[in-house]
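For ligands, and for the atoms within them, numbers begin at 1 and follow the listed sequence.
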Amino acid sequence: MSFYVTTPIYYVNAEPHLGHAYTTIAADVLARHMRQRGEDVFFLTGTDEHGEPVADAARAQGLEPKELADRNAERFKALMPRLGVSNDFFIRTSDEGHELRVQEVLQRVHDNGYTHKGLYEGWYCPRCADFKVENEILEGCLCPIHEIPLERHQEENWFFRLSAFQEALERLYAERPDFVMPPRHFNEARAFIAQGLQDVSLSRERLKWGVTVPWDAGHVFYVWFDALLNYYTALGYARPGEDLTGRFWPATYHIIGKDILKFHTVFWPALLMAAELALPHHVFVHGFLLGADGRKMSKSLGNVLDPFQVMEELGDDALRFYLMRDVAFGADGTVGMDAVRMRYDAELANEYGNLASRTIAMVQRYRDGIVPGVATDPELDVELEGLPQDVAALMDRAQPTQALELIWQRVRRLNRYVEERAPWQLARDPADTAKLDQALASLVEGLRTVNTLLHPFMPATTDKLRAGLGAPGAEVTSLEPLFPKRG
Ligand code: ME8
């Protein structure tokens with residue numbers, strides 16, 4: 001089966017921050033998990049480079065838009081391996097392959113009669129690159145997301161006939177309750193549609209930094225249409241000489257933050273219908289990481305937890321673990337450096353790291369490093385039984401936090417097992433040899449199981465431990481502490 005997962009493509013007018021890392025890590029966890037299950041996986045991330053925000057930011061720095069885009073796209077691209085992210089391609093919307101395919105798809109939308117010319121006037125947020133409707137605008141005429149003043153804009157544009165898809169979208173939501181997940185965001189999207197859809201502007205005339213409208217060369221496409229199409233265009237040119245569209249389209253999961261829900265759950269399916277393309281299976285909408293002040297983390301609010309600080313102090317896998325563990329994926333959650341350190345000490349160092357090091361140490365001390373080739377303890381087997389299937393079922397529904405919790409319960413169970421069996425006592429009495437063999441074999445086997453299931457969350461650490469545990473029958477080797485105690 002094919003599994004195609006995407007992240008939003010990130011604006012290059014700002015530097016990468018924790019929010020970007022968050023979505024990308026979550027998508028990576030799903031991609032790695034599906035690869036472990038032998039699925040045919042394609043995982044896409046990248047940068048959104050056109051539009052007013054980038055043009056404005058470039059101008060402010062005395063640069064051409066492309067120069068700013070090149071510089072910042074590089075930062076996003078470099079972030080991926082740093083986060084242990086295993087994307088199969090990194091799309092940039094300034095790629096020629098992307099631009100050509102955007103023109104091809106939107107020309108089809110035009111030919112199918114879903115565009116018209118008209119005058120647009122409204123309140124516009126330059127950071128969102130979006131007009132705001134009356135009921136979302138904050139008091140004082142501020143953007144509900146960025147809390148900056150909105151601007152009155154009027155322009156002659158090409159419009160996309162979103163209103164033509166009112167019924168088709170209502171039917172989509174009636175027929176596919178898992179098109180948008182989790183349910184609260186499904187309901188939000190459905191309620192937005194139920195209010196009645198208005199046509200949306202598809203092009204910009206004043207702006208030069210964008211993809212040229214093929215039937216009206218004085219316009220570029222509104223950045224959101226260009227951006228959304230990345231999910232489709234990438235498959236056409238990600239592998240030179242090969243078109244992956246048939247193999248991976250439609251996407252299995254688009255993972256997004258709730259700030260861009262309307263675009264992905266209303267505009268995007270309508271656009272795909274207008275272009276006669278298949279719709280994605282699921283849009284999964286996650287919540288906001290909030291600063292200690294309880295507000296959405298953002299540069300402009302200055303309450304950002306710095307992912308680089310976390311990685312430098314505690315390691316990349318600690319960042320990945322923390323983000324998937326501490327904030328229930330799908331809900332909002334507060335994040336902060338103190339909480340990261342707490343999880344690191346209590347769970348990574350004391351529970352998991354400790355379980356790994358004492359298991360290996362006991363096999364070395366009592367059995368010269370060779371894992372006893374005996375059957376595992378049925379009492380423990382029962383408690384680990386079905387775990388891979390349960391984890392898989394949760395991952396199928398994009399619930400990494402719940403999956404991690406199930407795995408962690410077993411990490412704790414294994415630590416309790418060490419205390420219950422007390423191998424150091426069994427080792428004292430030759431009559432307990434068989435019991436000791438069984439306890440050690442069970443611990444190694446249990447650790448192997450949880451370590452495999454943890455791999456998508458903490459790829460580097462679990463690889464180290466897998467090497468230390470060796471193949472069944474082979475010798476275990478001592479490791480440096482997986483998560484060293486902090487000084
Ligand atoms: O919106 N908490 O790009 P963007 C959680 N280019 N996630 C967060 C977050 C936070 N505080 N802040 C950002 C764009 N994110 C468009 C997308 S897609 C076709 C075009 C994450 O750079 C989250 O995934 O503003 C959010 O949706 C995304 O970054 C917005 O990134």
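Counting heavy atoms under 4.0 Å from ligand 1, residue Asp259 touches it through the side chain alone. Counting heavy atoms closer than 4.0 Å to ligand 1, residue Phe263 contributes nothing at all. Here Leu289 has heavy atoms under 4.0 Å from ligand 1 in both its backbone and its side chain.
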Distance-only criterion, 3.5 Å: show the donor-acceptor pairs between side-chain atoms of residues 271-287 and protein atoms not counting sequence neighbours.
{"from": "Glu276", "atom 1": "OE1", "to": "Asn112", "atom 2": "ND2", "distance (Å)": "2.9"}
{"from": "His282", "atom 1": "ND1", "to": "Asp178", "atom 2": "O", "distance (Å)": "2.8"}
{"from": "His286", "atom 1": "NE2", "to": "Thr23", "atom 2": "OG1", "distance (Å)": "2.8"}

Expected list for residues 327-338: side-chain donor-acceptor pairs under 3.5 angstrom, two or more places apart:
{"from": "Asp332", "atom 1": "OD1", "to": "Lys258", "atom 2": "NZ", "distance (Å)": "3.1"}
{"from": "Asp332", "atom 1": "OD1", "to": "Phe288", "atom 2": "N", "distance (Å)": "2.8"}
{"from": "Asp332", "atom 1": "OD2", "to": "Lys258", "atom 2": "NZ", "distance (Å)": "2.9"}

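Here the two rings, on Trp249 and Phe42, have centers that are 6.0 Å apart or farther. In this structure, Trp158 has its ring center closer than 6.0 angstrom to the ring center of His110. Aromatic ring centres of Tyr231 and His254 lie closer together than 6.0 Å. The aromatic ring centres of Phe160 and Phe225 sit less than 6.0 Å apart. Taking the six-membered ring for Trp, Phe89 and Tyr237 have ring centres closer than 6.0 Å.
Contact analysis puts Gly287 in contact with ligand 1, with a non-hydrogen atom separation below 4.0 angstrom. Taking 4.0 Å as the cut-off, Lys258 does not count as a neighbour of ligand 1 on heavy-atom distance.
Taking every non-hydrogen atom of Thr23 and a distance limit under 4.0 Å, the qualifying atoms of ligand 1 come out as 21 (C), 23 (C), 24 (O). Below 4.0 Å from some heavy atom of Asp48 lie the following atoms of ligand 1, by number and element: 6 (N), 16 (C), 20 (C). Each of the atoms 7 (N), 8 (C), 9 (C), 12 (N), 13 (C), 15 (N), 21 (C) of ligand 1 lies under 4.0 Å from some heavy atom of Gly19. Here is the list of ligand 1 atoms found below 4.0 Å of a heavy atom in His17: 12 (N), 13 (C). Taking a cut-off of under 4.0 Å to the non-hydrogen atoms of Ala227, the atoms of ligand 1 that pass are 19 (C).
Residue Gly257 has at least one N or O atom closer than 3.5 Å to an N or O atom of ligand 1. Checked against a 3.5 angstrom limit, the closest N/O atoms of Tyr11 and ligand 1 fall inside it. Inclusion of Tyr22 in the set of residues having an N or O under 3.5 Å from an N or O of ligand 1 is not warranted.
Of the candidates Asp226, Leu323, Ile9, Thr47, Ile9 brings a heavy atom nearest to atom 16 (C) of ligand 1.
Look at Asp28 and Arg320 and you find a salt bridge, because one of the NZ, NE, NH1 or NH2 atoms lies within 4.0 Å of a carboxylate O, short of that distance.
Using cut-offs of 30° and 60° on the angle between ring planes, the pair Phe263 and Trp224 is parallel.
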